[in-house]
Every structure is written in structure tokens, then in C-alpha cells.
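Since the structure is predicted, the reported quantities are computational estimates derived from the model, not experimental observations. The figures that follow rest on heavy atoms only: side chains count, while hydrogens, waters and symmetry mates do not.
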Amino acid sequence: MAHKSEDLIIEALDIHKSFGDLQILKGISLQVRRGEVVVLIGASGSGKTTFIRCINLLEDIQSGRIRVNGQSMGYRERADGSLVRDSERNIARQRRDIGMVFQRFNLFAHMTALENIIEAPIHVLGVAREAALNQGRELLARVGLADKAEHYPSMLSGGQQQRVAIARALAMKPKAMLFDEPTSALDPETVGEVLQVMKELAEDGMTMVVVTHEMGFAREVADRVVVLDQGELIEQGPPEQIFSRPSHPRTQAFLSRVL
């Protein structure tokens, strides 16, 4: 089926990223369409987390282009073709379109769950406090924590904190959500509750890019699975194809270790 260009939510073109002499990303290109769930898999150190941090401008890139919703993200091009980082103010504005959920929940310890969620809509988007509170309560209900509005992070399990973090990201009404191994820091018994919320988001049509080691989630929820290896995108396709008939030897080797 033909896709219209306005269906493209995230477009990364030939992304190169190095830390010193170490090349982490070696020319990765990826397009993510509206409502698509793309899951990135690969061995530790393959560049998955660095790549999604580049999309959200948490890491600088050496070369390449990133567009979100058709807008070039984070950089202006000089006459000689080199990239200059945009102003922090512009970057902050662009980041609003992308929700990000990290391994660690990064909640404000001195604020309740509800206060964590309403902070950015009030101070960044200028939402009226009453409207923000109503939306915050709705989002807590959506992630199954309606009864935890007045709880501080220290009173919540890791899985509950991560669900508050998801609600906090959703409060900014992002065009897309990035998840960086959202369950890797959790106790095994709370992993399922976070994956369930992510699954429901996918069913609601949220555009999502997910870095995860949870192969069951990738198989069940992804529209497309993307395999990274040593900073390169080596293979991508529907979950059925990647998990049952991977074509690249390095994909086969990786899956034989984790499945």
C-alpha cells in the first residue's frame, strides 16, 4: 500500500554517532509511520539506546538528518553541509512532540504521582491547573493507578513508578513515544504490568519506538522488528519473519542466544 509522506512521523537518515574514536552508529536510516510500533532488538552495545537518544536529541550526531512530523530536528545546516546544533529553546520545543520513557523512572521524589504528571503541562504547555489535574487523573486511570494519585514515588513499586512515568510522558500529548528498555530495571513480577500498558497504547494507535529485551512483547505487539548489530541496521521486517525466518546470520546468532 502506498504511504503518504505526511504519515511519516519519525525519519532518521544516515545517522552517524561517535564517542571519541568509538563509532557507535554507522549510518542508520529508519522511517516510522503514524500508528506504527517499531521494536529495536540486538545485543547490548549494538547502538539501540544511543539511536533513540539521538532521535530525542539527548545525544548529538556527527552527521545525518532527523525529522519528526516533517520538521528537521535539532540542527541547522551550514553552507559547507556541516551541522550546527539549534538553540536549546528550539530543541526543547521540538522535544514536546516526542515522549520518552527511560530505564530509570526519573520521577521527582518530592512530588506525588499526580504532581509529577501535571508539572510539565502546566509549566511548559501553559495548561490551566484544574485542566491539568483532570487530565492527570485520567492518565493515572489509563495506566491502572487511579488510586495512587497522592502516593510519592518511594511508596510505589518499580512497575508502578514506570507506569507513572508513562502517564507523565503522555500528558504532553506527544506525536510519538520512545521507550528505552522500560522494563530492564524492574523486578520480574512487575514487568508484565508495564508491558500491558504499552500494549494498550499500541492498540490505541500510538506511534512507538521501543528498545527492549522482551522478545515476547516484540513478537506480539510490534508491527516491525528492527535488528541492530555493531552500530548497523542489519535486518528489519514483521515479527513473524524476523523471529521465524531471519535472513542475516548475525540476527540468527543473536536470536539463538536469547530465545
Side chains of His213 and Val258: does their closest heavy-atom pair fall under 4.5 Å?
no
Which atom of Pro239 lies closest to which atom of Ala222, heavy atoms considered
CG-O, 3.2 Å
Can you check whether Val38 reaches Met208 side chain to side chain, under 4.5 Å on heavy atoms?
no
Can any side-chain N or O of Lys175 pair as donor or acceptor with the backbone N or O of Ile9 at less than 3.5 Å?
no
Lys173 side chain to Gln135 side chain, donor-acceptor N/O pair below 3.5 angstrom:
yes
Heavy atoms of Gly35 and Asp223 approach each other most closely as O-OD2, 3.8 Å
Can you tell me how far apart CD1 (Ile66) and CG (Asn56) are? Round to the nearest 0.5 Å.
9.5 Å
For the student: nearest non-hydrogen atoms of Leu233 and Ser29, plus distance:
CD1-O, 3.4 Å
Return yes if some donor-acceptor pair links the side-chain N/O of Lys26 with the main-chain N/O of Gln230 below 3.5 Å, else return no.
yes
Do Ser244 side-chain atoms and Gln241 backbone N/O form a donor-acceptor pair below 3.5 Å?
no
Student check: side-chain heavy atoms of Arg168 and Ile118 closer than 4.5 Å:
no
Approximate separation, where rounding is to 0.5 Å, of Asn116 CG and Gln161 CD:
9.5 Å
Polar side-chain atom of Thr112 near backbone of Glu150 as donor-acceptor pair, under 3.5 Å
no
Residue list, salt bridge (charged side-chain N to carboxylate O under 4.0 Å, His left out) with Arg93, at least two apart or on another chain
none
Got a donor-acceptor contact below 3.5 angstrom from the Glu11 side chain to the Gln31 backbone?
no
salt_bridge(Arg250, Glu232) N-O dist < 4.0 Å:
yes
Looking at CD1 of Ile166 and CG of Leu139, how far apart are the two atoms once the value is rounded to the nearest 0.5 Å?
11.5 Å
For residues 190-200, run the donor-acceptor check on the side chains, cut-off 3.5 Å, and write out each pair with its distance to 0.1 Å, sequence neighbours left out.
unit_1: Thr190; atom_1: OG1; unit_2: Asp187; atom_2: O; d: 3.1
unit_1: Glu193; atom_1: OE2; unit_2: Gln160; atom_2: N; d: 3.4
unit_1: Glu193; atom_1: OE2; unit_2: Arg163; atom_2: NH2; d: 3.1
unit_1: Gln196; atom_1: NE2; unit_2: Glu200; atom_2: OE2; d: 3.0
unit_1: Lys199; atom_1: NZ; unit_2: Glu220; atom_2: OE2; d: 2.6

Counting N and O atoms only, with roles assigned by atom type, does the side chain of Lys48 sit under 3.5 Å from a partner on the main chain of Ala43, one being a donor and the other an acceptor?
yes
Non-hydrogen side-chain atoms of Ile117 and Val164 separated by less than 4.5 Å
yes
With hydrophobic residues grouped by side-chain heavy-atom distances under 4.5 Å, do Phe179 and Leu186 end up in a single group?
yes
Salt bridge check: are Asp204 and Arg142 linked by an N-O gap of less than 4.0 Å?
yes
Show which residues join Met155 in its hydrophobic cluster (side-chain heavy-atom contacts under 4.5 Å, direct or indirect), or state none.
Tyr152
Closest contact, heavy atoms only, Met172 versus Ala120
SD-CB, 3.5 Å
As a quick check of understanding, evaluate side-chain contact (heavy atoms from CB on, under 4.5 Å) for Leu133 and Leu114, giving each step before the final call.
CA-CA 7 Å; Leu133 285 167; Leu114 184 58; 3.7 Å; yes
Can you check whether Ser72's main-chain N or O pairs, donor with acceptor, with Gln94's side chain at less than 3.5 Å?
yes
Please give me the minimum heavy-atom distance between Pro174 and Met206, naming the atom from each residue.
O-CE, 4.0 Å
I'd like to know whether Leu30 forms a side-chain contact (heavy atoms from CB on, under 4.5 Å) with Gln236, so could you lay out the CA-CA distance, the side-chain angles of the two residues, the decisive distance to 0.1 Å, and finally the verdict.
CA-CA 10 Å; Leu30 182 71; Gln236 59 180 312; 4.0 Å; yes
No-hydrogen, no-angle side-chain donor-acceptor test under 3.5 Å, Ser46 and Asp229:
no
May I have the step-by-step check of side-chain contact (heavy atoms from CB on, under 4.5 Å) for Leu178 and Val101, ending in yes or no?
CA-CA 6 Å; Leu178 307 178; Val101 178; over 6 Å; no
Kindly determine whether Asp86 and Tyr75 satisfy side-chain contact (heavy atoms from CB on, under 4.5 Å), including the steps that lead there.
CA-CA 5 Å; Asp86 210 339; Tyr75 301 89; 6.0 Å; no
Does a side-chain heavy-atom distance below 4.5 Å link Ser247 with Glu235?
yes
Under 4.5 Å between any side-chain heavy atoms of Phe243 and Arg245, yes or no?
no
Is there a path of hydrophobic side-chain contacts, each under 4.5 Å between heavy atoms of I, L, V, M, F, W or Y residues, that connects Leu58 with Leu25?
yes
Going by distance alone, is a donor N or O of one side chain under 3.5 Å from an acceptor N or O of the other, for Gln162 and Thr183?
no
Path from Val37 to Leu8 over hydrophobic side-chain contacts below 4.5 Å:
no
Other residues, nucleotides and ligands only: do more than 12 of their heavy atoms fall within 6.0 Å of CG on Asp21?
no
Residues at least two apart in sequence or cross-chain that pass salt bridge (charged side-chain N to carboxylate O under 4.0 Å, His left out) with Asp14, listed by chain then number, are none
About how many Å separate CG of Leu13 and CZ of Arg67, when rounded to the nearest 0.5 Å?
5.5 Å
When you measure from the side chain of Thr50 to the backbone of Gly47, do you find a donor-acceptor pair of N or O atoms at a distance under 3.5 Å?
no
Same cluster for Val226 and Val210 if Ile/Leu/Val/Met/Phe/Trp/Tyr side chains link at under 4.5 Å?
no
Contact check, side chains of Pro238 and Arg224, non-hydrogen atoms, under 4.5 Å:
no
In this structure, CD of Glu59 is separated from CZ of Arg53 (nearest 0.5 Å) by 5.0 Å
Work out which heavy atom in Ala218 is nearest to a heavy atom in Val39; give both atom names and the distance.
CB-CG1, 3.7 Å
Could you state the interatomic distance from CG (Leu140) to CG (Leu145), rounded to the nearest 0.5 Å?
6.0 Å
Gln23 side chain to Ser18 side chain, donor-acceptor N/O pair below 3.5 angstrom
no
Per-pair distances, 0.1 Å, donor-acceptor, side chain in residues 102-111, under 3.5 Å, sequence neighbours excluded:
unit_1: Gln103; atom_1: OE1; unit_2: Ser184; atom_2: OG; d: 3.4

Non-hydrogen side-chain atoms of Val211 and Phe51 separated by less than 4.5 Å
no
So, using salt bridge (charged side-chain N to carboxylate O under 4.0 Å, His left out) as the criterion, who are the partners of Glu119 when residues are at least two apart?
none
Starting from Leu228, can I reach Met215 by hopping between I/L/V/M/F/W/Y residues whose side chains sit under 4.5 Å apart?
no
